[in-house]
Every structure is written in C-alpha cells, then in structure tokens.
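Here is the structure we will look at.
All of these numbers come straight from a predicted model, not from anything done at the bench. Keep in mind that the numbers below use all heavy atoms, side chains included, and drop hydrogens, waters and symmetry copies. So you know, we letter chains A, B, ... as the sequences are listed, proteins then strands, and number each from 1.
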Amino acid sequence: MKYDFTSLENKWQKRWEDGKLYAAETGAAKKKFYALVEFPYPSGVGLHVGHARPYTAMDVIARKHRMEGENVLFPIGYDAFGLPTENFAIKNHIHPRIVTENNVKTFRGQLKSLGYSFDWDREINTTDPDYVKWTQWIFLKLYEHDLAYKAKMPVNWCTSCKCVLANEEVVEGVCERCGSPVVRKEKSQWMLRITKYAQRLIDDLDDVDFIERVKIQQKNWIGRSTGAEVTFHSTLDDDIVVYTTRPDTLFGATYMVLSPEHPLLDAWMEKLENADEVKAYQKMAASKSDMERTELNKEKTGVQLRGVQGVNPVNGKQIPIFISDYVLATYGTGAIMAVPAHDTRDWEFAKKFGCEITEVVRGGDVDKEAFTLKDDTGIMVNSDFLNGLTVKDAIPAMKQWLTAHKIGEEKVNFKLRDWVFSRQRYWGEPIPIVHCPTCGTVPMDEKDLPLLLPDVESYEPTDDGESPLAPMTDWVNCKCPKCGGDAKRETDTMPQWAGSSWYFLRYMDPHNDKALAGKEAMEYWSPVDWYNGGMEHTTLHLLYSRFWHKFLYDIGVVPTKEPYQKRTSHGMILGEGGDKMSKSRGNVINPTDIINVYGADTMRTYITFIGDFEKAVPWSSNAVKGCKRFLDRVWNLSESVTDHETAYSAENESMMHKTVKKVSEDIDALKGNTAIAALMTLLNQFAEKGCNEAELKTFLQLLSPFAPHISDELWEQHYFDGICSISAWPQYDESKCRDASVEMAVQVNGKLKGTIIISADASDAEVVAAATATEKVQHAMDGGKQVFKTIVVKNKLVNLIVK
RNA sequence: GCGAGAGUGCUGGAAUGGUAGACAGGCACGUUUGAGGUGCGUGUGUCUUAUGGCGUGUGGGUUCGAGUCCCAUCUCUCGCACCA
C-alpha cells in the first residue's frame with residue numbers, strides 16, 4: 001500500500017473528533033493536566049508556521065500526558081476583538097463580526113488539519129456575547145473595588161490607529177502594532193490600578209516555574225527601586241519633594257530639575273522673571289513625540305527658573321532650579337535633586353549649563369566624567385557627618401538622619417504605570433459604565449450584561465480622539481441605572497488584552513451561564529499546569545492576566561494566587577534566508593501548503609525537529625523533505641514487519657529501552673528535536689538489524705505524539721489493540737538500557753589513542769589491562785615510559801597517565 | 001548605557017566535566033531505472049609522509065581530562081532605555 005497521507009489524515013481526524021477521543025472530563029479521578037497555548041488572533045491571512053511551532057510542541061506534551069493516563073485539558077479558542085479585523089472591515093465594508101466569523105472558520109479548519117488534540121467542545125471566542133458578558137462583569141468588579149478609575153492624563157496616542165495605547169504597547173516611541181509615531185495627548189481615560197499589585201507581581205514569581213528570562217523581564221518591567229523622598233524648601237516658600245535612590249549623595253546635590261509638566265510651575269509662573277522662556281520650553285516639550293524625545297536624548301535641554309532657588313536641606317545652600325524633559329513627570333515625584341558628580345545625566349546637564357560639580361564619593365575624576373556607583377565601597381567626602389563612611393553605610397545613616405529631621409523618608413518606587421484601559425475604537429468590549437448628570441459615573445447592573453455593540457454600518461475612527469460609538473445616539477442615550485433619569489453610555493471600548501486576561505478560566509467551564517466558570521471546575525483544573533507562549537507577551541498579556549487573576553483571587557472568585565504554574569517560551573520561525581518572515585519579503589510559509597504537499601505528520605515532525613525550541617531558527621524547505629523521507633521509511637518498515645512477536649529481540653532490546661527513556665525525557669524537557677533524532681536512530685537500527693512487531697508497536701507509540709495520524713493508521717494495520725494515540729505510554733527498564741559489551745575510549749595523558757570493546761562488567765583493572773595492551777598505547781610508551789596513574793570512567797573511558 | 005542569551009562543519013543542530021560534530025539537510029561518487037525523480041550504498045572538520053598533529057569566536061586559568069567550569073576580551077541576537 002502507498003503512504004497516502006491526505007486520505008489517512010482526514011480519516012483519523014474525523015475519527016478523533018467523532019469519538020471525542022481527546023475530550024477532557026471535569027472532576028475525573030485521574031490526575032489532571034492542563035496544557036495551554038496562547039489562543040490565536042484570527043487574522044485574515046490565516047494560520048502561520050509561527051503558530052504551528054508552539055502548538056505542535058504543546059500538542060506533543062498533551063498527547064504524551066494523555067497516554068500516561070492523565071486527564072488532559074488542552075483547549076483552543078480565538079482572541080477575536082482587535083484592530084486588524086476592524087480595519088479590514090472598514091476597508092471592505094463588511095461588518096467585523098462577519099470578518100471574524102470567516103477568519104475563525106479558516107483558522108479552525110487549519111488547526112484541525114494539523115491534527116492537534118484539542119477538546120473542540122470547549123472552543124471559545126472572546127467576541128461571543130456569552131464571553132463578553134463575563135469580561136464586562138470582571139470590569140464591574142474591578143470598578144467596585146476601586147481598581148478601575150477614570151483620569152485625565154497625558155496618554156500615548158497612535159497617530160495612525162487614532163487610538164490610545166498602553167505603555168506596554170509603545171515600542172521605541174512608535175506604535176507596537178503599526179509602527180506609526182506615538183504622540184502625547186491629554187485625555188480622560190479609563191485606567192486599571194495594576195500598580196497596586198506591583199509588589200505581589202514580583203514576589204509571587206518565586207512560587208511559579210517560569211523560565212528565568214520571563215521572570216527577569218517581568219521584574220525589570222515592574223522596575224522596583226528603593227530610595228528616599230526628600231523635601232527641599234524653596235525661596236518661594238513652596239516645598240519640592242524629590243525622589244532619589246542615592247540619599248547618601250545629598251551633599252553633592254548642586255541644583256534641582258523639575259519635569260516640564262510639574263504642577264508647581266503653574267503656581268510659580270507669575271513670579272518667575274523668565275516666564276515666557278519657561279512657557280516656551282513647556283510647549284516645546286509637550287509637542288515632542290516619544291520618538292523625538294528618544295532621539296534627542298543625547299543632547300540635554302532645559303531652562304533655569306529665574307527668581308526662585310531651592311535649598312539643600314542638609315547644608316542650607318541655595319541651589320538653582322531648572323526644568324528639563326530628561327526628568328519624567330510620571331516617575332517618582334517628577335522632580336529630582338541633581339548630583340552631577342555621580343550621575344551621568346546630571347553630569348552632562350551640569351557641563352552644558354555650567355552648574356557646580358561637587359564630589360562626595362572618592363574614587364573617580366568628576367571633572368572628566370560622572371563617577372557612578374559600581375559597588376558600595378566608595379568613601380564619602382565633602383559630606384559633613386557622612387565623611388569617612390562607605391556608601392553602604394552612608395545610605396542608612398542618611399536615611400536615619402532624614403527621618404529624624406522629618407525632611408525625608410524611605411520610599412519604594414516602581415517603573416510600572418497604571419494600565420490605560422480604554423480605546424477609541426469600535427471592535428472591542430464596550431465598557432459597562434453610564435454617565436449620569438445627577439449621579440455621575442454609574443456602573444451598569446450585572447443583570448443587564450452583556451452590553452453589546454450597536455449593529456451599525458459605519459464605525460470609522462474619528463480624528464478628534466472620540467470613540468466611533470460617540471455619535472451613535474440611539475445607543476449612547478440610556479437611563480441611569482441608579483436614578484432612572486436620562487444618561488449617556490461610556491463610549492470607549494476595552495483593549496484587546498481584556499478578553500485574553502482570563503480566557504484560560506473559561507476553558508475550564510466554557511458553557512456556564514451563571515459564572516465566568518463554576519467553582520468546582522476551577523478547583524479541579526486550576527492552575528494551568530503548563531503554559532507556552534511568545535516572549536513578546538511577557539510584559540503584556542502575561543503580566544495583565546496575572547494581575548486580573550490576583551484580583552479575582554482576592555475577591556474569592558478563583559482558587560489560586562497565580563494562574564499559571566509553568567511558563568515556557570518558543571523561538572521564532574524565520575524565513576529561509578534567516579530574515580523575519582513577512583509578506584513584504586515574500587518569504588512567508590503557509591502551513592496549509594506544506595500539509596498539502598507533505599502531510600500534517602511531516603509538518604509536525606519537521607517543526608519539532610527544526611532546532612532548539614527556545615531559539616529562533618530559519619525554515620528549510622529541504623529539511624522538510626528529510627522528515628517526509630523519515631515517515632516514508634516508517635511506512636515501508638511497517639509493511640515489511642509480518643511476524644507476531646510480543647517481546648523485543650535480543651539484538652534490539654537495549655536500544656528499545658534506551659530510546660523509550662530518551663524520548664520520554666526529551667518530551668518533558670521540550671527537546672522534541674533530539675527525541676525525533678533518537679527515533680531516526682532507532683529506525684536506522686531497524687533497517688540494519690530488523691524489527692519485530694513488538695518493537696514496531698513501541699516505536700509507533702513513541703512516534704505518536706509527533707506524528708499521530710501515521711501512527712494510528714499503522715497501529716490499526718497491524719491489528720494492535722485500541723487506538724495508538726490513546727494507548728498506554730511504553731515503559732523502560734533502567735537495567736536493560738545497558739549493552740553487554742561497551743566501547744570505551746582509551747586516552748594517554750588525556751589524548752585519545754583509540755577505543756577498546758570490553759564487557760560492561762569489566763573491573764577497572766581489566767579495563768586498564770586491555771587498554772595497556774593495545775598497540776597504540778604500547779607505541780605511546782616507547783622509550784621505557786611507565787604508567788603511574790590511571791583514571792577509569794565506567795563504560796566510558798580510560799585515561800593512562802604515562803611518564 | 002543597563003539586563004538576558006548565544007558564538008561548534010557548507011547548513012539546521014547534538015554532546016550529566018569524559019571518544020566533539022549524534023540526527024538531519026546539502027554535496028560527491030556508486031547503484032537501481034529507458035530517462036527524470038524515488039529508493040539503496042559509500043564518503044564528507046582540517047593539516048599531513050603519518051601508527052602524527054591541529055580543531056567548538058579570541059587570550060589566559062583550573063583539571064588526569066574543558067565546547068562545557070573560572071577570569072578577561074571580541075562579535076551577534078533579544079528585551080529595556082533620560083526610571084533619578
């Protein structure tokens with residue numbers, strides 16, 4: 001028979017689905033295992049090989065756990081709200097709901113054609129009214145607990161998307177999605193108080209098994225620092241509070257800098273001698289985009305405030321005050337004390353504006369460059385009561401002094417900002433809030449959820465920054481849930497990250513209409529045992545969903561503090577030449593094309609075999625053929641096996657046990673590439689030494705997670721019991737992984753001279769004797785040299801030290 | 001600048017401190033075939049007169065033994081970036 005992958009893959013996909021072979025059972029007595037992949041955004045271009053890599057990897061893991069007898073939940077869904085769909089809809093005059101439906105259909109078909117063992121009865125879609133309802137419900141809970149609030153503030157505005165962005169969505173000053181410049185805009189926005197959870201989001205990383213680089217990136221993003229807030233008096237009476245991580249250098253503070261947006265400026269403006277100059281600078285700073293600010297950061301700019309001086313609280317010296325955009329309004333107190341001797345930025349600024357530079361830590365040449373903190377062993381100078389102390393001791397001493405004199409206190413700061421949660425676009429969850437002229441901001445009643453989008457023809461973004469929902473008066477005008485009077489709905493929608501912040505909970509109980517998921521289901525399935533996803537989501541989705549989950553834990557909705565027990569991450573698949581895959585480069589590989597030519601099993605095998613899972617790796621069309629060849633050889637081998645042996649042959653036994661061990665361990669360690677290499681090696685041995693039915697059976701089981709269709713088919717052809725992909729995972733016997741005789745390396749003085757074949761049970765003395773007897777060792781000992789030391793590594797190597 | 005990771009054949013990549021290059025791809029030669037493709041087989045780091053030497057970015061070190069550990073250095077990738 002021919003290996004007709006197309007028809008046999010269709011056959012098995014249908015059988016798996018009709019038989020609900022991979023359905024998860026909530027509450028089953030078996031050990032549960034929840035494997036999760038990041039659900040796709042159903043874009044118009046269809047599934048990408050970039051999806052196939054992580055999905056195949058987790059499918060392999062899910063399939064193995066299932067064969068090991070566990071109750072496996074491996075679900076899939078669609079993260080379907082979002083801009084690309086909306087933009088496509090606008091351009092082609094099709095409603096985003098229709099676009100989404102079509103795209104989901106394409107994705108579902110492609111996912112099924114790859115043979116993933118998803119539980120299709122649990123499929124979810126973030127745009128379903130049943131789903132939106134609970135996303136909105138969580139928002140109401142956040143609002144109720146004062147974690148959602150509306151504030152007027154400068155926000156990131158994407159000039160092309162015409163929409164507000166979260167800090168996490170701005171990359172190098174441009175929009176993460178479209179690459180257009182991002183500008184600052186003063187707007188009233190819904191915010192989520194993620195900063196309240198900053199400390200816990202760091203601390204609880206200790207309790208989970210995330211790969212280290214994910215933990216590090218999250219910690220860096222949250223950016224905790226410990227320092228002190230110090231109050232400086234000014235000659236205009238108002239105090240200025242600054243934040244510093246180096247209170248030990250206070251005696252070196254020779255000037256101060258306020259951010260251009262600092263509130264004190266308004267109060268002082270009339271009294272300033274150079275108010276016009278200051279205002280001009282403020283205006284200039286405000287009009288800069290983030291990108292310009294980044295580009296210009298090499299050259300410091302600023303204006304001194306004429307007519308006011310700061311007073312250094314430790315020595316009473318009057319020092320100048322500047323405004324400069326190198327000080328950020330959104331971090332710390334928006335004001336700093338400048339210590340040019342020991343801070344690079346302050347040093348640059350001081351040099352340009354001729355400020356005094358006072359050394360307070362010995363060890364550098366502060367006329368040439370700032371002497372910044374390398375370690376904390378530097379000695380304090382020019383610092384009165386701190387003189388002679390090390391930096392390490394000076395920090396607590398100064399903190400104590402500040403507290404005692406009530407001019408400062410210890411303070412922890414985070415880089416993390418609150419989450420800008422509103423978007424001025426149509427295709428998102430409406431925020432379930434009503435604005436009432438008498439009652440103010442009023443949350444909708446839970447029983448009125450979901451609040452759905454109005455079904456309209458036109459929903460283009462507006463230039464003035466208003467939501468496209470704003471002009472839809474039929475929808476906007478409503479009654480106040482509190483007083484019943486005329487009121488208006490909130491017209492902003494939620495960002496795409498909303499739906500994905502809790503979707504893993506919905507999979508546990510996807511059809512529940514009383515709660516986001518039932519308590520029992522959540523108790524049973526929580527937490528997600530293994531979650532694999534892209535590094536690009538580390539400071540976005542992964543952080544956001546941990547925040548939501550912690551909140552839900554606090555209000556007693558979910559049973560665990562953390563949503564995910566284990567997090568791993570895959571490398572990107574690059575184009576054939578090593579460039580990023582992109583439409584414009586024309587190097588995009590469509591998984592469906594590969595499946596049509598080589599079959600899903602080949603696709604799955606290749607994407608697993610392609611290289612180190614964590615690293616980026618270029619696609620290779622040739623190497624795909626190698627994997628097809630491998631499966632062809634498996635097929636041919638199976639046809640040649642005609643005996644009915646039930647035990648491994650003596651010739652293959654140790655190899656069988658070794659391979660079972662290797663494949664089992666490699667799958668658990670996400671090393672599918674070497675697992676497949678081990679299967680290829682075993683197949684090569686079969687070609688040489690023959691293969692009986694017992695050996696074939698085990699081989700098919702080991703191959704099954706990677707290439708489930710061909711395994712199930714060949715299993716059936718040999719009349720083995722049941723179905724291969726849900727059969728019991730083969731076991732190995734450690735004692736049988738050894739061969740009777742082994743090849744050992746022979747070294748003389750650490751240099752390889754050859755090998756010997758010797759019984760695995762040989763004593764060290766026998767090994768040394770056999771090694772010494774070899775011609776090459778004898779040769780190396782010419783001239784009456786003697787062996788005076790031997791090192792034997794059992795079954796591996798013998799090293800003779802010869803002099 | 002800061003943080004993380006990585007440098008191994010022509011290519012993707014293997015290697016608990018113990019025979020570097022597993023397993024694939026590519027290439028070459030042979031073989032099967034009417035031919036192409038497929039299949040099968042052999043070879044494939046490097047210098048060399050070798051039963052010899054050299055080889056995992058570079059330079060040191062630890063060790064009987066280093067791709068692996070330590071120090072220094074260079075290069076690349078990713079993330080963050082005026083966070084006081």
- [ ] For the side chain of A:Asn684, starting at C-beta, report the closest nucleotide among B:A24, B:G53, B:A84.
- [x] B:A24
Task: Side-chain donor-acceptor contact under 3.5 Å, A:Thr231 with A:Asp239 - done: no
TODO: With the side chain counted from C-beta on, respond yes when A:Asp325 and A:Thr301 share a heavy-atom pair under 4.5 Å apart, and no when they do not.
DONE: yes
TODO: Just say parallel, tilted or perpendicular for the rings of A:Phe699 and A:Phe630, cut-offs at 30° and 60°.
DONE: perpendicular
Open item on the list: Among B:A84, B:G53, B:U51, which nucleotide has an atom closest to any side-chain atom of A:Lys753?
Closed with: B:G53
Open item on the list: Taking B:U32 as the reference, what is the distance to B:U44 when you measure between their P atoms (whole Å, please)?
Closed with: 23 Å
Task: pair A:Phe353-A:Pro320: side-chain heavy atoms closer than 4.5 Å - done: no
Open item on the list: Distance criterion of 3.5 Å, no angle test: do you see the side chain of A:Lys415 paired donor-to-acceptor with the base of B:C80?
Closed with: no
Open item on the list: Say we look at B:G25 and B:G39: how far apart would their P atoms be, to the nearest angstrom?
Closed with: 9 Å
TODO: Assign a letter to each nucleotide of nucleotides 9-20 of chain B from its 5' end: B, base within under 4.0 Å of a protein heavy atom; S, sugar-phosphate only; -, no contact.
DONE: ---BSSS--BBS
Task: Distance, rounded to the nearest Å, where A:Lys215 contributes NZ and B:G79 contributes P - done: 22 Å
- [ ] May I ask you to evaluate whether A:Asn749 reaches the phosphate of B:C64, defined as a side-chain N or O under 4.0 Å from OP1 or OP2?
- [x] no
Task: Contacting residues from residues 624-641 of chain A, given that a heavy atom lies under 4.0 angstrom of RNA chain B - done: A:Gly626, A:Arg629, A:Arg633
Open item on the list: Tell me which residues in residues 330-338 of chain A lie within less than 4.0 Å of RNA chain B, going by non-hydrogen atoms.
Closed with: A:Tyr331, A:Ile336
Task: Gap in Å between the two P atoms, one belonging to B:G67 and one to B:G60, rounded - done: 15 Å
Open item on the list: Using a strict threshold of under 4.0 Å (side-chain N to carboxylate O), is an ion pair present between A:Glu734 and A:Lys661?
Closed with: yes
Open item on the list: Taking the basic N atoms (NZ, or NE/NH1/NH2) and the acidic carboxylate oxygens, is any pair closer than 4.0 Å for A:Glu38 and A:Arg567?
Closed with: yes
TODO: Please state the C1' separation for the pair B:A50 and B:G59 - nearest whole angstrom.
DONE: 31 Å
Open item on the list: Say we look at B:C71 and B:A22: how far apart would their C1' atoms be, to the nearest angstrom?
Closed with: 32 Å
- [ ] Let me know the distance between NZ of A:Lys352 and P of B:C82, rounded to the nearest Å.
- [x] 17 Å
Task: Rounded distance in Å - CG (A:Asp248) to P (B:A84) - done: 14 Å
TODO: May I ask you to say what A:Thr538 touches in the nucleic acid, namely base, sugar-phosphate or nothing, with a heavy-atom cut-off under 4.0 Å?
DONE: nothing
- [ ] Could you check whether the rings of A:Tyr606 and A:Trp619 sit parallel, tilted or perpendicular, using 30° and 60° as the cut-offs?
- [x] perpendicular
When the side chains of residues 621-629 of chain A are checked against the rest of the protein, which donor-acceptor pairs come out under 3.5 Å, sequence neighbours left out?
residue	atom	partner	partner atom	Å
A:Ser621	OG	A:Glu576	OE1	2.9
A:Ser621	OG	A:Glu576	OE2	3.4
A:Asn622	OD1	A:Lys625	NZ	3.3
A:Lys628	NZ	A:Asp632	OD1	3.1
A:Lys628	NZ	A:Asp632	OD2	3.2

Task: Cation over ring face, A:Lys300 and A:Phe349, 6.0 Å, 45° - done: no
Task: Whole angstrom value for the distance that separates C1' of B:C78 from CE of A:Met572 - done: 9 Å
Task: Step-by-step side chain to side chain contact (heavy atoms under 4.5 Å, CB included) determination, A:Phe232 to A:Ile321 - done: CA-CA 11 Å; A:Phe232 281 60; A:Ile321 305 175; over 6 Å; no
Grab the N/O contacts between the protein and nucleotides 2-4 of chain B below 3.5 Å, and write none if there aren't any.
residue	atom	partner	partner atom	Å
B:G3	O2'	A:Asn220	ND2	3.4

- [ ] Please report, rounded to the nearest Å, how far the P atom of B:A84 is from the CD atom of A:Glu348.
- [x] 16 Å
TODO: Find which nucleotide of RNA chain B each of A:Tyr243 and A:Lys789 is nearest to by heavy atoms, and output the residue with the more 5' nucleotide.
DONE: A:Lys789
Open item on the list: side chain to side chain contact (heavy atoms under 4.5 Å, CB included) for A:Val391 and A:Met380? Distances and angles first, verdict last.
Closed with: CA-CA 7 Å; A:Val391 169; A:Met380 306 301 301; 4.0 Å; yes
Open item on the list: If the glycosidic angle sits within 90 degrees of zero it is syn, else anti. Tell me which applies to B:G65.
Closed with: anti
- [ ] Would you check if A:Ile336 and A:Tyr326 make a side-chain contact, meaning some heavy-atom pair closer than 4.5 Å?
- [x] yes
Run the side-chain donor-acceptor check on residues 245-252 of chain A: report pairs under 3.5 Å with partners two or more places apart or on a different chain.
residue	atom	partner	partner atom	Å
A:Arg246	NE	A:Asp248	OD1	3.1
A:Arg246	NE	A:Asp248	OD2	3.3
A:Arg246	NH2	A:Asp248	OD2	2.9
A:Thr249	OG1	A:Arg246	O	2.8

Task: Heavy-atom check, side chain of A:Asn799 versus side chain of A:Thr790, under 4.5 Å - done: no
Open item on the list: Distance check needed: B:G26 P versus A:Glu576 CD, whole Å only.
Closed with: 12 Å
Task: Euclidean distance, atom NZ of residue A:Lys776 to atom C1' of B:U51 [Å, nearest integer] - done: 6 Å
Open item on the list: Output the rounded distance in Å from CG (A:Leu328) to C1' (B:C80).
Closed with: 14 Å
